[in-house]
Colleague: 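Below are the structure tokens for one structure; questions will follow.
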Amino acid sequence: MKKKVCSALALLLLGVIFAASTAFAAKVATVDIPVKAELYATAPAPLNPDQCAQCHTSVFGALKNAGGRHRFDCQQCHKTIHAYNPKKGNYDEIMPKCASCHTEIHGPANKDCSACHNPHSPGKVAMTQRLSNTCATCHPAQKEELVKFPSKHSKVSCDKCHTSHGYIPSCFNCHKPHYKDQPIETCGKCHPVHQPKSIHYPSSEPAQTCGSCHGKIFEKWKKTPSKHAKVNCATCHHDKHGYVPQCTECHKAPHPKSILDRFPKCLGCHLDVHDLPSMK
């Protein structure tokens, strides 16, 4: 009798355990999704830049607009992708290293490339304080000009004009044009930007450029009845600003020797070269 009771209890216990395990198993998954092993039968092809860009839109835009020579397949740099683990903190480990492709182009003291360069827009470099303090490392000729030919440009830091690396500013950002609608291209023809007081100009430079500073002389010259009114300022005051020509550069021997001996200085008679009397 005892054996029958024990057997019945054992069967009951097994039934309870089976029912419990069945109930537990039912809670593991709330949906029934068929297995499709064929999806994992072959390794997928690497992502192409178009596919990367679907998630990394800002990175793609930076490469498109200022990527320079970095505009190639993402996997050329990113050998391991989507492997960041915040628990491991392995960001530096999986990120590509500049030294894999680049030499120490700026010297051993400047190895932290990311301080100036964004790898996705290497063609666009912000003019940071650190960069503006080391311009002469790569641009020694410009620094030498600023020191050798002092001007107001020598007293301002490079980033005052060059607000980003490689940016060429307009002179009109700080300076007024010599005359209305003056083309910006004409500024550099006379004023080398790193030695602006060393003014040189071609003989074809318009007289109105000179007239912006020499207003009284310019107005007088425009109204003179002499042939000098047809001669551009730079033709006589050639090459260098402040150059005073000699009359004999154009007028070799306009008078007999006897007169020239008595009056060796032309301006003794021809009082104003900008307003000579008309010779009809």
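If you're wondering where the values come from, they're calculated on a predicted model, not measured in any experiment. Just so you know, residue 1 is the first one in the sequence shown, and it goes up from there.
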Colleague: Can you list everything that forms a side-chain hydrogen bond (donor to acceptor under 3.5 Å, both in side chains) with K143? Sequence neighbours excluded, please.
Modeller: none
Colleague: Taking ring-ring contact (aromatic ring centres under 6.0 Å, His included) as the cut-off, I'd like each qualifying pair that reaches into residues 147-170, sequence neighbours left out, listed once.
Modeller: H153-H175
Colleague: Counting distance only, does the side-chain N/O of N232 pair as donor-acceptor with the main-chain N or O of E205 below 3.5 Å?
Modeller: yes
Colleague: Atom NZ of residue position K79 - does it have more than 12 heavy atoms of other residues, nucleotides or ligands inside 6.0 Å?
Modeller: yes
Colleague: Is the shortest side-chain heavy-atom distance between H178 and T186 below 4.5 Å?
Modeller: no
Colleague: NE2 of H251 to CD of E249: how many Å apart, nearest 0.5 Å?
Modeller: 10.5 Å
Colleague: Considering only Ile, Leu, Val, Met, Phe, Trp and Tyr, and joining two whenever side-chain heavy atoms are under 4.5 Å apart, list the other residues clustered with Y243.
Modeller: none
Colleague: Rounded to the nearest 0.5 Å, how far apart are NZ of K216 and NZ of K220?
Modeller: 9.5 Å
Colleague: Side-chain atoms of residues 191-202: list all donor-acceptor pairs with protein atoms under 3.5 Å, sequence neighbours left out, distances to 0.1 Å.
Modeller:
{"from": "H191", "atom 1": "ND1", "to": "P196", "atom 2": "O", "distance (Å)": "3.0"}
{"from": "H200", "atom 1": "ND1", "to": "D239", "atom 2": "O", "distance (Å)": "3.2"}
{"from": "Y201", "atom 1": "OH", "to": "H237", "atom 2": "O", "distance (Å)": "2.3"}
{"from": "Y201", "atom 1": "OH", "to": "K240", "atom 2": "O", "distance (Å)": "3.2"}

Colleague: Which distance, rounded to the nearest 0.5 Å, do you find between the OG1 of T235 and the NZ of K230?
Modeller: 14.0 Å
Colleague: Is the backbone N or O of G68 less than 3.5 Å from a side-chain atom of R71, with the two atoms forming a donor-acceptor pair by type?
Modeller: yes
Colleague: Is the backbone N or O of D159 less than 3.5 Å from a side-chain atom of S132, with the two atoms forming a donor-acceptor pair by type?
Modeller: no
Colleague: Report the relative orientation of the aromatic rings in H82 and H56; use parallel for angles under 30°, tilted for 30 to 60°, perpendicular for over 60°.
Modeller: tilted
Colleague: Taking only residues two or more places apart in sequence or in another chain, which ones pass side-chain hydrogen bond (donor to acceptor under 3.5 Å, both in side chains) with N85?
Modeller: none
Colleague: Under the rule for side chain to side chain contact (heavy atoms under 4.5 Å, CB included), what residues qualify as partners of L39, not counting sequence neighbours?
Modeller: K36
Colleague: Apply side-chain hydrogen bond (donor to acceptor under 3.5 Å, both in side chains) to K111 and list each qualifying residue two or more places apart in sequence or on a separate chain.
Modeller: E104
Colleague: Looking at every heavy atom in both V231 and C236, which two are closest together, and how far apart are they?
Modeller: CG1-SG, 4.0 Å
Colleague: Would the number of heavy atoms belonging to other residues, nucleotides or ligands and lying under 6.0 Å from CD1 of I184 be above 12?
Modeller: yes
Colleague: So, does Q51 use its side chain to make a donor-acceptor pair with the main chain of N48 at under 3.5 Å?
Modeller: yes
Colleague: Please step through side-chain contact (heavy atoms from CB on, under 4.5 Å) for the pair C74 and L47, ending with a clear verdict.
Modeller: CA-CA 8 Å; C74 306; L47 294 173; over 6 Å; no
Colleague: Counting only heavy atoms from other residues, nucleotides and ligands, does the tally under 6.0 Å from OH of Y84 exceed 12?
Modeller: yes
Colleague: Test of understanding: with side chain to side chain contact (heavy atoms under 4.5 Å, CB included), list the residues that count as partners of N133, not counting sequence neighbours.
Modeller: Q129
Colleague: Kindly write out the residues that satisfy side-chain hydrogen bond (donor to acceptor under 3.5 Å, both in side chains) with S203, not counting sequence neighbours, or none if the list is empty.
Modeller: none
Colleague: Salt bridge check: are E145 and K148 linked by an N-O gap of less than 4.0 Å?
Modeller: no
Colleague: Under 3.5 Å, which donor-acceptor pairs link side chains of residues 118-128 to any protein atom two or more places apart or in another chain?
Modeller:
{"from": "N118", "atom 1": "OD1", "to": "H120", "atom 2": "N", "distance (Å)": "2.9"}
{"from": "T128", "atom 1": "OG1", "to": "L131", "atom 2": "N", "distance (Å)": "3.3"}

Colleague: Working to the nearest 0.5 angstrom, can you tell me the gap between I105 CD1 and C98 SG?
Modeller: 12.0 Å
Colleague: Would you give the length of the straight line joining atom SG of C116 to atom NE2 of H106, rounded to the nearest 0.5 angstrom?
Modeller: 7.0 Å
Colleague: With a 4.5 Å cut-off on side-chain heavy atoms, are H102 and C113 touching?
Modeller: no
Colleague: Mind checking the SG-NE2 spacing from C77 to H70? Nearest 0.5 Å is all I need.
Modeller: 6.0 Å
Colleague: Can you name the closest pair of heavy atoms from P206 and Y179 and give their distance?
Modeller: CG-OH, 4.2 Å
Colleague: Does M95 reach the side chain of Y91, with side-chain heavy atoms less than 4.5 Å apart?
Modeller: yes
Colleague: Please determine, by modelled atom types, if Q208 and S212 share a side-chain donor-acceptor pair under 3.5 angstrom.
Modeller: no
Colleague: With the threshold set at 4.0 Å, does a side-chain nitrogen-carboxylate oxygen contact exist between D275 and K223?
Modeller: no
Colleague: Is the number of heavy atoms from other residues, nucleotides or ligands within 6.0 Å of NZ (K97) greater than 12?
Modeller: yes
Colleague: With clusters built from Ile, Leu, Val, Met, Phe, Trp and Tyr whose side-chain heavy atoms come within less than 4.5 Å, directly or transitively, what are the remaining members of the cluster of V156, listed by chain and number?
Modeller: none
Colleague: Starting from W221 and following side-chain heavy-atom contacts under 4.5 Å between hydrophobic residues (I, L, V, M, F, W, Y), which residues can be reached?
Modeller: F218
Colleague: Search all heavy atoms of A83 against all heavy atoms of I94 and return the closest pair with its distance.
Modeller: C-CD1, 4.1 Å
Colleague: Evaluate the side-chain proximity of F60 to S58: yes if any heavy-atom separation is below 4.5 Å, no if none is.
Modeller: no
Colleague: Does E38 CD have over 12 foreign heavy atoms under 6.0 Å away?
Modeller: yes
